[in-house]
> 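Here you go, one structure.
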Amino acid sequence: MDRAMIYVFIAGSYFPWLNLGHTQHPYIVCILKWLIWVLAALGIIYQQLFHERYKSLETIFYLLISIGPATVVILCGHEFIAMPELKIGGLLYLVGVFFFKMDGTLSCAHAIWHLFVVLAASVHYFAILKHLFSE
């Protein structure tokens, strides 16, 4: 279940950013809000049915959900005060892929990957607290 919850972490850490008032491309953001949870569900289903059978497919799911939302928000040109934190979180998710792929060849790679996921989700979480729920 640990990998399944990673999909929930990632989707949950991006979802508040996608609920901001994106006036330039509202349809793309609306689709992305649904897509991120569909990808999380597909990742969880894959994880439960085919655990590590198709590592490339698992990596693709992880990449799509971990950097897809940040990439779309950045490419749409939507700027907001916490954009650096959104980028840093996406970058941490992306760097974590290296350790995810090194699982089995690098000692503690799986644990290091988990740390990158927690760091990225934490960056997003604290940015949400600071900028979206500020006093």
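Only a predicted model underlies this, so the values are computations on that prediction, with no experimental measurement involved.
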> Would you check, one step at a time, whether the test side-chain contact (heavy atoms from CB on, under 4.5 Å) holds for Leu63 with Leu94?
CA-CA 7 Å; Leu63 281 171; Leu94 185 60; 3.8 Å; yes

> Would you say Tyr62 and Trp113 are linked by a side-chain donor-acceptor pair, where the criterion is simply a distance under 3.5 Å?
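A donor-acceptor contact under 3.5 Å links the two side chains.
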
> Flag the pair Phe99 / Leu115 as yes when at least one side-chain heavy-atom distance between them is below 4.5 Å, and no otherwise.
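Contact flag for Phe99/Leu115 side chains = no.
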
> About how many Å separate CD1 of Ile65 and CZ of Phe9, when rounded to the nearest 0.5 Å?
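Spacing of CZ (Phe9) from CD1 (Ile65) equals 13.0 Å.
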
> Side chains of Ser13 and Tyr93, heavy atoms from C-beta outward: is any pair under 4.5 Å?
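Contact flag for Ser13/Tyr93 side chains = yes.
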
> Identify every side-chain donor-acceptor pair in residues 31-40 under 3.5 Å, counting partners at least two apart or on other chains, and give the distances.
residue : atom : partner : partner atom : Å
Lys33   : NZ   : Asn19   : OD1          : 3.1

> So does Leu86 get a backbone contact from the side chain of His124, meaning a donor-acceptor N/O pair under 3.5 Å?
yes

> Taking the side chain as every heavy atom from C-beta outward, state whether Phe98 and Phe116 have any atom pair closer than 4.5 Å.
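Contact flag for Phe98/Phe116 side chains = no.
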
> Scan Ile44, Leu42, Ile45 and name whichever one has a side chain to side chain contact (heavy atoms under 4.5 Å, CB included) with Phe61.
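Option passing the side chain to side chain contact (heavy atoms under 4.5 Å, CB included) with Phe61: Leu42.
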
> What orientation do His110 and His114 show, parallel under 30°, tilted 30 to 60°, or perpendicular over 60°?
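Plane angle over 60°, so perpendicular.
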
> Which heavy-atom pair separates Val123 from Gly89 by the least distance, and what is that distance?
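Smallest heavy-atom distance, with atoms named: CG1-N, 4.1 Å.
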
